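The structure under discussion appears below in the form of structure tokens.
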Amino acid sequence: MQLVDNETFLTQLSALFDSSAKSGSIWLTHKRLTYEDGDAHMSSEPDDTKEWPCLVRVTNGNETKFSTVVQPSELVKFHALYGNILKSAMNSLRKRDKKREKQRAEEATRKKRRLQEEIAIEGPKRGSGRRKRQRKIKAASKLEESKKKAQEREEAKARAKAS
């Protein structure tokens, strides 16, 4: 992790946004910087009087990693410049495909509706219409299996939510 000053950080950040405009991800983290070694201990006295520097880190996953420390006196200026860079980088984001999301939601509701419907098995056991009846019997057995699988998934979700 490379520690750079604020101006260099902002220029490298804008260059990183430009390089990953077509594809790629960037992770940004902000953290209060404490200089104490070890774990931070919770105390009953309020920390409102102290001003802490802020550590800002950027990585694109594997090759580029750099960070900066922003002092409390420079925080307002830094955030103004940082916000401008983030706003300009937002233009390269992909828009959500709402049409596809809507189609998936409709398909899911259709599947749920089909699971609720019962297949009426009718027609002669022998003679004309026999194949139609056999297809309906097969569809009914598949529907029962689908219902069992859906119920197992719901139970697994409920168990995962409970724990």
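Predicted, not measured: the structure shown is a model, and the values here were computed from it.
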* Using modelled atom types only, decide if a donor and an acceptor are shared between the side chain of T68 and the backbone of V56 within a distance under 3.5 Å. =>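 Looks like no, no N/O pair under 3.5 Å.
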
* To do: Linking directly or through intermediates, with side-chain heavy atoms under 4.5 Å: list the remaining ILVMFWY members grouped with I137, chain and number order.
  => I121

* Asked: Can you name the residues that form a salt bridge (charged side-chain N to carboxylate O under 4.0 Å, His left out) with E117, not counting sequence neighbours?
  -> none

* Counting heavy atoms not belonging to R126, are there more than 12 under 6.0 Å from its CZ? -> no

Could you pull out the closest heavy-atom pair between [X] and [Y], with the gap in Å?
{"X": "N62", "Y": "K65", "result": "O-CE, 4.2 Å"}
{"X": "N6", "Y": "E74", "result": "ND2-OE1, 2.9 Å"}
{"X": "W52", "Y": "P72", "result": "O-CG, 3.5 Å"}
{"X": "A140", "Y": "I119", "result": "N-CD1, 3.7 Å"}

* Quick one: list whatever passes side chain to side chain donor-acceptor pair (under 3.5 Å) with S14, sequence neighbours left out. => none

* Asked: Among all residues two or more places apart in sequence or in another chain, which pass the side chain to side chain donor-acceptor pair (under 3.5 Å) test with D5?
  ->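 Scan of D5 (side chain to side chain donor-acceptor pair (under 3.5 Å), adjacent residues dropped) gives T8.
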
If we only count heavy atoms from C-beta on, is the [X] to [Y] side-chain gap below 4.5 Å?
{"X": "P53", "Y": "V70", "answer": "no"}
{"X": "R113", "Y": "Q116", "answer": "no"}
{"X": "I85", "Y": "F17", "answer": "yes"}
{"X": "T64", "Y": "I26", "answer": "no"}
{"X": "N60", "Y": "S25", "answer": "no"}

* To do: Quick one: do T29 and T59 satisfy side-chain contact (heavy atoms from CB on, under 4.5 Å)? Show the steps, please.
  => CA-CA 9 Å; T29 57; T59 182; over 6 Å; no

* To do: Dump the intermediate steps for side-chain contact (heavy atoms from CB on, under 4.5 Å) on C54 and L75, then the final yes or no.
  => CA-CA 8 Å; C54 181; L75 196 60; 4.2 Å; yes

* From CG (N84) to NE2 (H79), nearest 0.5 Å ->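 Here the interatomic distance stands at 13.0 Å.
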
* Asked: Distance from K102 atom NZ to K99 atom NZ, nearest 0.5 Å?
  ->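 Answer for the NZ-NZ pair, K102 versus K99, is 10.0 Å.
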
* To do: Evaluate side-chain contact (heavy atoms from CB on, under 4.5 Å) for Q12 paired with V4, printing each intermediate quantity in order.
  => CA-CA 10 Å; Q12 286 183 352; V4 296; 4.3 Å; yes

* **Listed partners of Y82 passing ring pair (Phe, Tyr, Trp, His ring centres under 6.0 Å), at least two apart** => H30, F78

* **Pairs satisfying side-chain hydrogen bond (donor to acceptor under 3.5 Å, both in side chains), at least one member in residues 129-153, at least two apart** => E118-K147

